[in-house]
Amino acid sequence: MTSHNSDFLIIGAGIFGLTIANAILETGATVKIIEAQHVGAGASGGILGALMPHMPNNWNPKKQFQFEALRDLSDFVATLEKETGLATGYRRVGRIMPVVKNGFLKQMQTYAKHAQVNWGSSYDFKLEEMDFFDSWLQSSAENPLLGLLYDTLSARIHPKSYLEALKRKFMSKGGELIVNALVTDIDPNQNFIMLENGEKIGAEKIILTAGVQSFRFLEMLHMPDLGGGVFGQAIKLSSQNDCSKFPIIYDNGCYIIAHDDGTISIGSSSVNIANGDIDPKKDRLLKQDDEKQASLLQQAKCLCPSLESAEIISSWSGVRPKAWARDPLLGYHPNYDNLYVATGGFKIAFGIAHKVADYVVHDLGLALRNETIIPDSFLMNHHLNP
Ligand SMILES: Cc1cc2nc3c(=O)[nH]c(=O)nc-3n(C[C@H](O)[C@H](O)[C@H](O)COP(=O)(O)OP(=O)(O)OC[C@H]3O[C@@H](n4cnc5c(N)ncnc54)[C@H](O)[C@@H]3O)c2cc1C
């Protein structure tokens, strides 16, 4: 039996699915989310939550979009926290990057000038000699610190808490969430999706926010191969001290993020994986690589000697959705005006999802006016003709 009882049906309850679902509900339309496992079962259920800007040089529409999204996220989460009574673990803590090479020092001095122009006067990107961080950061005889690059735009959020707040808002506004329901097929001709148990569920429009699985669905719907996954691992450590106000530390692909709950997250490894290797049911259970995890931990301890005694509480892995054209992928399937796709958040999804959702609502024809300027490189057309 097929029931067409909601305006929108969203496949996948990750950060993209939930933010878009809430933004649609606010317009008065009805929304149902169908999720294979549970909220945050995909890449969004992680432990890092870094909200870090792109470098302020070579400014382009994508950097402008991300800058505005990061700037506005504090207000977005403050409203969400007020509405739901749940904390998201958001804090604009800033980020420090140790500078050990002269070349990098010169580059950063130039970038600081770009930041003044492109970020405006509210956020700094500056070189500091910050005694405060001495015990946090390593400065060895071989690699003496030439300085610290400090930006005050970066923030962090607790991914699971953020999702929980978005879920609570969705439920309280009348949204319907169906979990443990694996979508096996989408029929955009007849506006329904098919579940593993044979049930069909219809809606006026279907929105595909199934993370890395979205690319597989698009191929099933006769589109070219537009993206894949990047497997990543992260580790959560205990901490003896309250480091929750400390900035993110970032160096050479390794981030150290102290959260409000007293834990410290370390990320992340990156390994490209072919679509064929992704289990449609359990993509985050791909085999963990213990060696990669150990080298990540080693890198973090070198950067930050005070982590030496910290114990591993847990480790986590997931698959980031990445379009081959690199940027997020938003827009209608070229052959169906009732099937919309939003995926490809790759490494920046948490910082931009709320602004992506604003744009999607407008693109779906639900918003009266739209002030969100979307970079062309995010649009379906660009991905089809990069
Ligand atoms: C190790 C690691 C570290 C990261 N660190 C950060 C970071 O610090 N900051 C940041 O912004 N981003 C980070 N990311 C990236 C970020 O997590 C992802 O870009 C983001 O979570 C993608 O969100 P999504 O909603 O598009 O997909 P997902 O979160 O993967 O959600 C897709 C959902 O769809 C469901 N689904 C899939 N197939 C089906 C189906 N057939 N039927 C029904 N449901 C289905 C899945 O179960 C899942 O819940 C990291 C990723 C990893 C792996």
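Note that ligands are numbered from 1 as they come in the structure, with each ligand's atoms numbered from 1 the same way.
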Find out if a path of hydrophobic residues (ILVMFWY) with successive side-chain heavy-atom gaps under 4.5 Å connects [X] to [Y].
| X | Y | answer |
| --- | --- | --- |
| Met171 | Phe8 | yes |
| Ile206 | Leu195 | yes |
| Ile33 | Leu366 | yes |
| Phe76 | Ile352 | yes |

Within-cut-off N or O pair, [X] and ligand 1, under 3.5 Å:
| X | result |
| --- | --- |
| Gly318 | no |
| Ser44 | yes |
| Phe16 | yes |
| Ala342 | no |
| Gly40 | no |
| Ala43 | yes |
| Tyr255 | no |
| Ile11 | no |

Consider ligand 1: state whether an atom of it lies below 4.0 angstrom from any non-hydrogen atom of [X].
| X | answer |
| --- | --- |
| Trp316 | yes |
| Pro321 | yes |
| Gly49 | yes |

Report, in ascending order of atom number, the atoms of ligand 1 lying under 4.0 Å from any heavy atom of [X].
| X | value |
| --- | --- |
| Gly211 | 26 (O), 27 (O), 30 (O), 32 (C) |
| Gly42 | 29 (O), 30 (O), 48 (C), 49 (O) |
| Lys347 | 9 (N), 10 (C), 11 (O), 12 (N), 13 (C) |
| Gln213 | 37 (C), 38 (N) |
| Gly14 | 25 (O), 29 (O), 31 (O) |
| Phe217 | 41 (N) |
| Phe346 | 14 (N), 15 (C), 16 (C), 18 (C), 19 (O) |
| Leu182 | 40 (C), 41 (N), 42 (N) |

So [X] and [Y], would you call those rings parallel, tilted or perpendicular, with 30° and 60° as cut-offs?
| X | Y | result |
| --- | --- | --- |
| Phe65 | Phe378 | perpendicular |
| Tyr111 | His114 | perpendicular |
| Tyr255 | Tyr250 | tilted |

How does [X] reach ligand 1, if at all, at less than 4.0 Å between non-hydrogen atoms: by side chain, backbone, both, or neither?
| X | value |
| --- | --- |
| Val183 | both |
| Ser268 | side chain |
| Val39 | neither |

For this session: Measure the spacing between OG1 of Thr372 and CD of Glu68 and express it to the nearest 0.5 Å.
Result: 8.5 Å

Exercise. Hey, what do you get for CG (Leu166) to OG1 (Thr84), rounding to the nearest 0.5 Å?
Worked result: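 So the gap between those two atoms works out to 8.5 Å.
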
For this session: Look at atom 5 (N) of ligand 1 and find which of Ile15, Asp185, Leu48 reaches it with the closest heavy atom.
Result: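 Comparing heavy atoms across Ile15, Asp185, Leu48, the nearest one to atom 5 (N) of ligand 1 lies in Leu48.
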
For this session: Inspect the contact between Arg156 and Asp260 and indicate whether a charged nitrogen and a carboxylate oxygen are less than 4.0 angstrom apart.
Result: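 Looking at Arg156 together with Asp260, the answer is yes, because their closest N to O distance falls below 4.0 Å.
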
Problem set entry | Glu196 and Thr184: side chain donor to acceptor below 3.5 Å | no

Exercise. Side-chain donor-acceptor pair under 3.5 Å between Ser268 and Lys347, yes or no?
Worked result: no

Exercise. Of the options Tyr332, Tyr340, Tyr336, which is the one that meets Lys205 in a side chain to side chain donor-acceptor pair (under 3.5 Å)?
Worked result: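 When Tyr332, Tyr340, Tyr336 are each tested with Lys205, the side chain to side chain donor-acceptor pair (under 3.5 Å) holds only for Tyr332.
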
For this session: Using modelled atom types only, decide if a donor and an acceptor are shared between the side chain of Glu35 and the backbone of Ile10 within a distance under 3.5 Å.
Result: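 Absent.
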
